[in-house]
Protein chains: 4
Amino acid sequence: MLINLDFESQEPIYQQLIEQIIEGIARKDLLPGEGLPSVRSLASDIGINLHTVNKAYQQLKHEGFILIHRQKGVVVNPDGVPKADVTYMTQLEKKLKPLIAESVCREVDEESFMKLCNDIYKSYRGG
Amino acid sequence: MLINLDFESQEPIYQQLIEQIIEGIARKDLLPGEGLPSVRSLASDIGINLHTVNKAYQQLKHEGFILIHRQKGVVVNPDGVPKADVTYMTQLEKKLKPLIAESVCREVDEESFMKLCNDIYKSYRGG
Amino acid sequence: MLINLDFESQEPIYQQLIEQIIEGIARKDLLPGEGLPSVRSLASDIGINLHTVNKAYQQLKHEGFILIHRQKGVVVNPDGVPKADVTYMTQLEKKLKPLIAESVCREVDEESFMKLCNDIYKSYRGG
Amino acid sequence: MLINLDFESQEPIYQQLIEQIIEGIARKDLLPGEGLPSVRSLASDIGINLHTVNKAYQQLKHEGFILIHRQKGVVVNPDGVPKADVTYMTQLEKKLKPLIAESVCREVDEESFMKLCNDIYKSYRGG
DNA sequence: GTGGTCTAGACCACG
DNA sequence: GTGGTCTAGACCACG
């Protein structure tokens, strides 16, 4: 599992870390029940502070992506990630809206937009 | 043009303001050449800081959505918003990726995702 | 609003802080919409680290007790605390169970237990 | 006697173990004088560390729930658990307070709270 | 060894 | 000034 962080980015490191791990799960690089490195080892591997890793892990745990098991350590949720509910869909819509609004302004037609989404979806299937 | 801000959101107010204005343009509530309120009046209307409005306007100007004339005041770019280029598409992909990754994890299938995007696109056409 | 912390206690400081604030709300010392001190000022008042206060605030925010408003700062949720739902009641039962089990073992009869609860309830009404 | 542990819980395993055994005594699944498995066998039965079981047993012994004989092994206190004293009642009140405070905030009225307690009490009588 | 908690201190974005 | 983020470092409970 490769973690790719951009230290120049505006986006907080812990947030990038969250996204990288979610992408790993989407890509099936990380399977349900699979172990993740400990806070400390991941922090030292990436060269960041353990609190930063911890913050990412806590949020991932809270959203049901991972579990912190007293014996097995940090693992991808063996029962799988909680499925999308109305709350998630609403929140997703809220995040998509400004992306689509700007695309409309910039004359990205719906077809091109869909094509882009389709490509990304494909990257998580065939990879 | 109605501005809708959430002061409890994590998202900075100036960012929300930018998005609201872009949505206004996408929805054709704001047409090319149309005037926008001055920094001062918008700030007092919404009850936010001058700096916040200014920051939003500066960024919108920088991205070609609006022009700021010393005399004519603030207007939606009469030549229209600059069309999407490779840079924009790359950046768009970067923003869509984590949304789609999480959706994949949560078993939102591609069809549902596309349906959601289509609904949003429609809201900028018919609306 | 008086904050009462026991630095010798096993219970984490941030947890004690959470409880003190919830008790303040229950006692109506803190009313909906009322402002709370900033992270920094509360930390320096109590003589603890600002991260510790922040952790308490974040959790209180997450559970709907307080809001972090970009203009008003930290305030008690003006809409009131979210009412108990099934999840809360289940969790409450889980916490009460061991207390009652030990009380049963120690021959605290139900009447005495209820009396104690009643006294505590009263302390949040009349004060 | 069934031991029910949650390895994903925040609550330490030894603490959960303590509570499970106290509940067993409250439920009269475990009677005064009755034997408990040895540290070693319980640990291997549940699949946890020796130290964890030992820590739980030591604390139960310290609080008078069990006796640890070198030869007879571990038994539920034949003289019964020490009755509640002022210290216990004070400590009980301290633990109940935050539960009731949060319940008050969430509009769990006293009647519902009492009903819940009554149900739990009943589960230790009839069960 | 591992996560949880806490401190001290720093920088930054926001308003 | 305020919250958010990040670091470095420390101690402790847990298993």
Side-chain angles (χ1 to χ4, degrees), chain A residues 5 7 9-17 35-44 46-59 61 66-74, chain B residues 5 7-17 43 46-56 59, chain C residues 5 7 9-17 35-44 46-59 61 66-74, chain D residues 5 7-17 43 46-56 59:
Chain A
L5 301 178
F7 293 95
S9 167
Q10 298 264 49
E11 198 179 17
I13 296 177
Y14 80 92
Q15 187 63 43
Q16 294 183 45
L17 192 52
L36 263 64
S38 79
V39 169
R40 275 176 172 70
S41 74
L42 185 53
S44 90
I46 316 186
I48 60 178
N49 193 280
L50 95 188
H51 289 114
T52 307
V53 176
N54 194 245
K55 185 161 184 175
Y57 274 10
Q58 287 303 325
Q59 191 161 326
K61 171 179 139 192
I66 64 174
L67 298 179
I68 297 176
H69 191 106
R70 286 194 176 270
Q71 295 183 319
K72 298 179 210 155
V74 183
Chain B
L5 301 178
F7 292 96
E8 291 151 26
S9 165
Q10 300 259 59
E11 198 178 18
I13 295 175
Y14 84 93
Q15 189 63 44
Q16 294 182 46
L17 191 51
I46 324 186
I48 61 178
N49 198 297
L50 281 180
H51 297 102
T52 309
V53 177
N54 195 51
K55 183 158 186 177
Q59 189 162 327
Chain C
L5 299 180
F7 293 94
S9 167
Q10 299 264 49
E11 198 178 18
I13 296 176
Y14 81 92
Q15 187 64 43
Q16 294 183 46
L17 191 53
L36 262 65
S38 78
V39 169
R40 274 176 171 73
S41 75
L42 185 53
S44 90
I46 317 184
I48 60 178
N49 192 281
L50 95 187
H51 289 115
T52 308
V53 176
N54 194 245
K55 184 161 186 175
Y57 274 9
Q58 287 302 326
Q59 190 161 327
K61 171 179 139 191
I66 65 175
L67 298 179
I68 298 177
H69 190 106
R70 286 194 176 267
Q71 295 183 319
K72 298 179 208 155
V74 184
Chain D
L5 302 178
F7 291 96
E8 291 152 27
S9 165
Q10 300 258 59
E11 199 178 18
I13 295 176
Y14 84 93
Q15 188 63 44
Q16 294 182 46
L17 191 51
I46 323 186
I48 60 179
N49 198 298
L50 279 180
H51 298 103
T52 310
V53 177
N54 196 51
K55 183 159 185 176
Q59 189 161 328

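The sequence lines fix the lettering, A, B, ..., with proteins before strands; numbering per chain opens at 1.
- Between A/T52 and D/T52, the residue whose closest nucleotide on DNA chain F is further toward the 5' end is A/T52.
- An OP1 or OP2 oxygen of F/dC6 is reached within less than 4.0 angstrom by no side-chain nitrogen or oxygen of A/K55.
- Rounded to whole Å, atom C1' of E/dT2 lies 16 Å from atom CG of A/L67.
- Between A/R70 and F/dG15 there is a side-chain polar atom (N or O) within less than 4.0 angstrom of OP1 or OP2.
- Judged by distance alone, the side chain of B/Q16 and the main-chain N or O of B/S9 form no donor-acceptor pair under 3.5 Å.
- With E/dC11, E/dC14, F/dT7 as the candidates, the nucleotide lying closest to the side chain of B/P12 is E/dC14.
- For A/I13, counting side-chain heavy atoms from C-beta on, the closest listed nucleotide (E/dG15, F/dG9, F/dT7) is F/dT7.
- At distances below 3.5 Å, not a single donor-acceptor pair connects side-chain atoms of C/Q59 with backbone N or O atoms of C/Y14.
- Where D/N49 and A/G47 meet DNA chain F, the nucleotide closest to each residue was compared, and A/G47 sits on the side nearer the 5' end.
- Remark: B/Q10 is not in phosphate contact with F/dG3, judged by side-chain N or O atoms under 4.0 Å from OP1 or OP2.
- If C/R40 and C/Q15 are placed on DNA chain E by their nearest nucleotide, the residue sitting closer to the 5' end is C/Q15.
- To the nearest 0.5 Å, atoms CG (C/N54) and CG (C/L42) are separated by 11.0 Å.
- Counting non-hydrogen atoms under 4.0 angstrom, B/I48 reaches nothing in the nucleic acid.
- Nearest to the side chain of B/Y14, among F/dT5, F/dG3, E/dG15, sits E/dG15.
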Audit row: B/I46, B/L5, side chain to side chain contact (heavy atoms under 4.5 Å, CB included) steps and yes/no: CA-CA 9 Å; B/I46 324 186; B/L5 301 178; 3.5 Å; yes
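- Across all strands shown, E/dC14 pairs with F/dG1; the Watson-Crick or G-U wobble distances both stay below 3.5 Å.
- When the nearest nucleotides of DNA chain E are assigned to B/H51 and A/S41 by heavy-atom distance, the more 5′-ward of the two goes with A/S41.
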